[in-house]
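Quick caveat: nothing in here was measured; it's all calculated off a predicted structure. Lettering of chains follows the sequences in order, A, B, ..., and the numbering in each one begins at 1.
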Amino acid sequence: LYSPFQPIKSIHSLILLLFVWTIFINNEWHVSVSGKVFPVYNPATGEQICEVQEADKADVDKAVQAARLAFSLGSVWRRMDASERGKLLAKLADLVERDSVYLATIESLNSGKPFLPTLFVDLQGTIKTLRYFAGYADKIHGTSIPMDGEYLTFTRYEPIGVCGQIIPWNFPLMMAAWKLAPALACGNTVVLKPSEETPLTCLYVAALVKEAGFPPGVVNILPGFGPTAGAAIASHMGIDKVAFTGSTEVGKLIQEAAGRSNLKRVTLEMGGKNPNIIFADADLDLAVEQAHQGVFFNAGQCCTAGSRIYVEEPIYDEFVRRSVERAKRRIVGSPFDPTTEQGPQISREHQNRVLEYIQSGIQEGAKLECGGKALGLKGFFIEPTVFSDVRDDMRIAKEEIFGPVQQIMKFKTVEEAIERANNSDYGLTAAVFTTDINKAMTVSTAMQAGTVWVNCFNALSTQCPFGGYKMSGNGRELGESGLKEYLEIKTITMKTVTKNS
Amino acid sequence: VLQSASGSPGTFSGAGGEGCVHVTYLLETYFVLFINNQWQDAESGKTFPTINPATGEVICQVAEADENDVNKAVKAASDAFRLGSPWRRMDASHRGLLLNRLADAIERDAAYLAELETLDNGKPYAVAYSVDLPNVVKCLRYYAGWADKWEGKTIPIDGDYFCYTRHEPVGVCGQIIPWNFPLLMQAWKLGPALATGNTVVMKVAEQTPLTALYVASLIKEVGFPEGVVNILPGMGPTAGAAIARHMDVDKVAFTGSTEVGHLIQQASGSSNLKRVTLELGGKSPNIVLSDANMEDAVEQSHFALFFNQGQCCCAGSRTYVQADIYDEFVERSVERAKRRVVGDPFDMKTEQGPQVDQEQFNKILGYISSGKREGAKLMCGGGVAADRGYFIQPTVFGDVQDNMTIAREEIFGPVMQIFKFKTLEEVLTRANDSKYGLAAAVFTKDIDKANYVSSGLRAGTVWINCYDVFGAQAPFGGYKASGVGRELGQYGLENYTEVKTVFTCCLHEAPSDVITR
C-alpha cells in the first residue's frame, strides 16, 4: 500500500480518507474559530490536495492558553522526570520511523521533493534529530559555584515557557523536528505554525505526538498564514520565546514584533547567499559534483545553497564546462519517479520569482550557459540553469534566488576570494575545496559563516550547531548549542553558616 | 513465609517458589563463556556450581574461565577495537542506538531476568522486578543518549595553531563486577564503556553469573559487533587476576571489596599501568538530628541498613542518633526490625531474602558474635532465621562504641549499629573517622544544619532526609578507601575516555589583517 511507485491518485484519496486536516490544540482536533479553511496544493501538478482549517489570532490565543496551562507550576509536564520527557521524544521518533513511508509520501506530494531523497534524507534527519534531543533531556546540567562569601550557590537551567515556533516549507518535517525536539527536551510547551504551503506532515506528526503520550497542551499545531497566525504568535504577550525559520525579510518583522510586545526571546534562521570557493588544487570531479548538488539540491530551495561559486582562474573554464554538462544531465520530473533528481518549485508565485531573477541575470550581462526557462505544462518546474561570468554586483550574485540557478565567478588570489565571499549581509554557510591543508585552515577560519564545509557540501548532522552570522540569523540550532536557546538560567544563592572548600 | 526476627527458627516453606518452573527450561542454554559473540566452554573444561541461596541447592553448572580464556577474550576485544574495525568506524549515534535496543530487549525480558536474578542472588523478586530491572533499563538508556554528545573542545592556543581535543575510547576495558546487584552492576559498567566506544572483557561474580550471561545473548541479538562485549564467568584469584595484570587490557574497573581493590591497583602497577577505577566498601554514617521527623528517620534508617539483605556498599551501617531522641529512636528501630519479613524471595510479602552464600553467612554471624563479645547491646535478632538457605535474623545493636569491630568493619549483612552523639561538630568528626568514605546521610529539618553537615562529610554521596536515592544522571563513588573515580552521570564517561590534543600548524596563505585567530 505504501509502495513509492503507486500512482499519485490513489495516495491522494488515501490521505483524504485517513485524515482530517484541522488545528491541534490540547491533544484535540479543532476547527478554526473563524470557520475559514485554505487550500493546499501538489506543486508537481498545480492541483489542490485538500483544504485545511486556517488558524488566525483567536486560535493562537486558544493555543497559548493551552500551552500556558500545560506549563503551569505543578502541571504533569512540569513535574515529569527529565528522563521521562526524553522517553516521550524517543517514542515519537519510533512512531515517525514506523510511519516513515507514509510521511515521506505526503511530504513529497505536498512539497514536490523527490520521494526517495525525502525518505532517506528528510525522514532520517527527522528521526535522528528527535532521538538526539531525546538523549539530552536528562543531561542538561546547571553548576554548583564556588562563590565569594558564605553561600551555597548553584544554577538551574529551566525551560523558558511557552515557545512560539514558525517553520518554512522547504523541509517541512525536518524543520518541525529541529524546532520541537530541543524545545520539548528542555521542558517547554510549544505553539507551532507550519507553512501554509506545507502543513500536512506537521499535522500528522501532531497525531503521533498524542499517540506517543505527551500531555495535552504541550504541543499545539496551528496551520495558517504568516501575516495573520504568524504575526499573532510574534506579538503575543503570553508567548515567552519565538523561533522562526524563513526569509530575512520576515525575520526582521518577527524581531520588531518581539520588541514591540513583551521582549520575548528571539531566534532566527534565515536566508543565505553562500560562497563556495574552489581552488585549482581541488579534486575537480568532487568539486564539480558537490558544487552542483550544493546549489541544486531540493530544487535550489535551501537556505544553505552554495549560490556563489568562486573558482580559481586556472581551472575556471574547465569547471564551467563540467558544471554545465552536469546541469544538462540533471533529471527534472515527477517526485514519485525514482530517477528524478529535481522536482518542482513550491508554488506558481515562487516559480515566477525565480524566472524573474533569471531574466535579471541575462539583462545585467551574465552569460546564460544552459536552462533559463520554465519546464512542462503542469506544476511549477524550472530547468536547471547555469550562469557564468557573473559579477559580484549583479542581483543574481547578491540576492537569494532560492531556485535551481547556479552562479559561477572567477578569482585570482586567496585574499580576494575571502574578501568577496565575506562581502554580503548574509553569513549562513560557506565551503572551500582544496587539497592543501593551509588553504583549508586559512579560508575556513576567515569565513564569516555559521557553517563552513571543507571538501564537502550540505554535510549536516543533528550533533552539529547550525545557524547564521550577520543577517542570516541569530542563535544556533542543533547540537548542545541548540539547547541554550530554550533555557533560562536561574542562579540560587543560599546563605550558609560557614564555608568549607 | 519464614518467621520474623523475634521468633525462633522454624521450618522453611516454598523454597524457590513457583517462579522456578519457568526458569528451568532456559537453564540448559547459556551458561558458558561469551567470546566474540560465540558461546564456548572454558579451555580447561572446568565448571563450577552456582547456588540458590534460599535453599543451598545447586542451580546449574557454569563454565569456569581461567587465564587462557581471558587471553582469548582480550584478543577478541583487541581485534574489535583495531583501527578500521566495524566498531571503530561506527557513527557514535549508532552506538547509542545499539545501547537503546539492548535496553528495549532487557525491558522485554524483564520478568524472566528478575526471576533469574532472584534465583541466583536471593533478593526478593518484587524488588528485583520493580527496582533492579527498571534501573538497569534507565542506566542503559541514559548512556545511549551520551554516545554522540561527548564532545572535545577547540582551544584558543597561543601562536598560529589550530588546537582541538578528541575524546577517544581507552581501548580494551576489563570489568569485574560483584554479586550484590548483578544486573545493575553490569549495566553501570557496560553503559559508559560502550557509549564511548570501548570494547569490554567482563568477569562476573562466581556467586551470580546467570543474568549477565543472559544479557550477553541480548547483546548479540541487538547487533553489537563481535568482540565488543565478552563475558567470562569465573573466580577472582584466577580470571579476575588475569584481567588485572593483562598487558593488553588498557583499563580495569572493579566493584567489590576494599581488600581486593588493593590487589587490583597493585596488579596495574606491576603490569602495564592500566587505568584503574574502583568502587569498594563502605561503613557509611547516617546522622539523625533531634529535629528530624522521627517516623521518617526511623523508616529510612531501617531501609538504609537492611535493603538488599544489608548487602550494599553504601549501607547506612553507623546510625548516629542525637542524645535527646536516642532512646525513642532505638525502641522504634527495634520494633521495625522485628517486623521485617524474612522469607522465600519469590513470596511477594518478603522484605528480606537470604544472604548470597555460605561464606557471607558465616562472616556475618562472626561479626554478630564479636559485637556481643565486645559489649554492644543486642536489642533483637542475632541468629539464624531458617534451617536451610543462608537466612539471618534482622539484628540491631544499641550502645555501640566507635572502637568496636562492628563499628569499624563492613559487615555486609542485616546488622544495624546505633550510636549516641551530642553535638554536630562531634558527630562530624566521628562520622569522618573511618578509612571509608562512600556515602552518608543526615536527617534534619534545619537548612543550616543540613548544609553544614553535608559540606563537611567526607563522602562521595550525601543524602539529606532520604537514603539510597540513585539516578543514572548522578555520579556515585568513594572518597578514601571506598574507591577511586566516579560512576554514572556525565562524570562516568571520563573513566572510559582518553583525551587526545591535536595541534595543526596554520601557515596562513593570506596576510594576517584578513585573518583573525
*Max heavy-atom pair count under 4.5 Å with chain B, selected residue of A:Ala90, A:Gly135, A:Gly479*: A:Gly135
_Leading residue by heavy atom contact count with chain B [cutoff under 4.5 Å; candidates A:Val497, A:Asp138, A:Thr496]_ = A:Asp138
Over 12 foreign heavy atoms within 6.0 Å of [atom1], [X]:
X	atom1	value
A:Lys139	NZ	yes
A:Lys470	NZ	yes
A:Lys484	NZ	no
B:Arg166	CZ	no

Starting at [atom1] of [X], measure out to [atom2] of [Y] and round the result to the nearest 0.5 Å.
X	Y	atom1	atom2	answer
B:Lys138	A:Lys87	NZ	NZ	7.5 Å
B:Leu428	A:Asn500	CG	CG	8.0 Å
B:Asp148	A:Arg131	CG	CZ	12.0 Å
B:Cys506	A:Ile437	SG	CD1	8.0 Å

_Testing the basics here: between A:Tyr132 and B:Glu151, what is the closest heavy-atom pair and its distance to 0.1 Å?_
OH-OE2, 4.1 Å
*Which pair of non-hydrogen atoms, one from A:Gln463 and one from B:Ser93, has the smallest distance, and what is that distance?*
NE2-CB, 3.7 Å
Give the interface residues of [range] toward chain A, defined by a heavy-atom separation under 4.5 Å.
range	answer
residues 183-196 of chain B	none
residues 486-504 of chain B	B:Gln490, B:Thr504
residues 443-464 of chain B	B:Ile447, B:Asp448, B:Asn451, B:Tyr452, B:Ser455, B:Gly456

*Relative to chain B, which segment of A:Lys499 carries a heavy atom at a distance below 4.5 Å: side chain, backbone, both, or neither?*
neither
_Pairwise side-chain contact, A:Ser83 with B:Gln473, heavy-atom cut-off 4.5 Å (strictly under)_ = yes
*Could you list which of residues 141-153 of chain A have a heavy atom closer than 4.5 Å to any heavy atom of chain B, in residue-number order?*
A:His141, A:Leu152
